[in-house]
Amino acid sequence: MNKEQQLTIGWKEWGALPELGIEHIHMKTDTGAKTSAIHTVDYSLYEKDNEEWVRFVVAPIQDDDDTRVECHLPVKDKRTVTNSGGMKTHRIVVETLWQIGTHQRRIELTLACRKKMKFRMLLGRQAMRDILVKPDQSHLIKQN
């Protein structure tokens with residue numbers, strides 16, 4: 001991808017997770033975070049077709065835990081993640097389609113409680129490969 005075609009995003013953007021039925025979610029870009037994370041209020045593991053799956057509930061709107069989306073995806077991994085405060089937590093990792101403007105790609109998401117955070121989704125650097133981030137600008141991508 002050349003510089004004219006390179007996707008450029010700001011430090012915060014609106015995106016979507018179409019496979020999860022989430023049309024709009026406000027996300028913060030974080031080049032210090034390896035993996036992206038989404039605010040999950042509840043989850044449970046189960047087996048389907050000899051594969052481990054997770055049912056999880058996302059509250060995608062900041063300060064609104066009443067609007068919820070129930071999601072089901074295969075478990076991609078389970079990892080220990082160190083947050084910005086140095087605390088280690090064990091998290092479920094799933095993979096889904098992420099969309100920003102007209103651009104789409106598959107990304108990994110960890111399921112985490114982000115209730116105290118300002119953004120319900122954190123976009124980590126693995127999801128931002130080949131994307132330019134302008135940390136002094138925001139909302140550079142037009143919503144669909």
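All values below come from the heavy atoms of this structure, side chains included, with hydrogens, waters and symmetry mates left out. All values reported here derive from a predicted model rather than from experimental measurement.
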Electrostatic pair [X]-[Y], nearest N-O below 4.0 angstrom:
{"X": "Arg79", "Y": "Asp77", "value": "yes"}
{"X": "Arg125", "Y": "Asp30", "value": "no"}
{"X": "Lys115", "Y": "Asp63", "value": "no"}

More than 12 heavy atoms from other groups under 6.0 Å of [atom1] on [X]:
{"X": "Glu23", "atom1": "CD", "result": "no"}
{"X": "Lys34", "atom1": "NZ", "result": "no"}
{"X": "Asp49", "atom1": "CG", "result": "no"}

### Query
With distance as the sole test, does Thr110 use its side chain to make a donor-acceptor pair with the main-chain N or O of Ser36 at under 3.5 Å?
yes
- Query: Taking Gln137 for the side chain and Lys134 for the main chain, is one N or O donor matched with an acceptor at less than 3.5 Å?
  - Reply: no
_For His26 and His139, take the angle between the two ring planes, folded into 0 to 90°, and tell me which bin it lands in: parallel under 30, tilted 30 to 60, perpendicular over 60._
parallel
So the ring-ring contact (aromatic ring centres under 6.0 Å, His included) pairs with at least one residue in residues 65-92 (sequence neighbours excluded) are Tyr46-His72
Residues passing the salt bridge (charged side-chain N to carboxylate O under 4.0 Å, His left out) test with Lys78, sequence neighbours excluded, are Glu52
Tracing side-chain contacts under 4.5 Å among Ile, Leu, Val, Met, Phe, Trp and Tyr outward from Phe119 reaches Trp11
Interatomic distance, NZ@Lys48 vs CG@Leu73, rounded to 0.5 Å, equals 9.5 Å
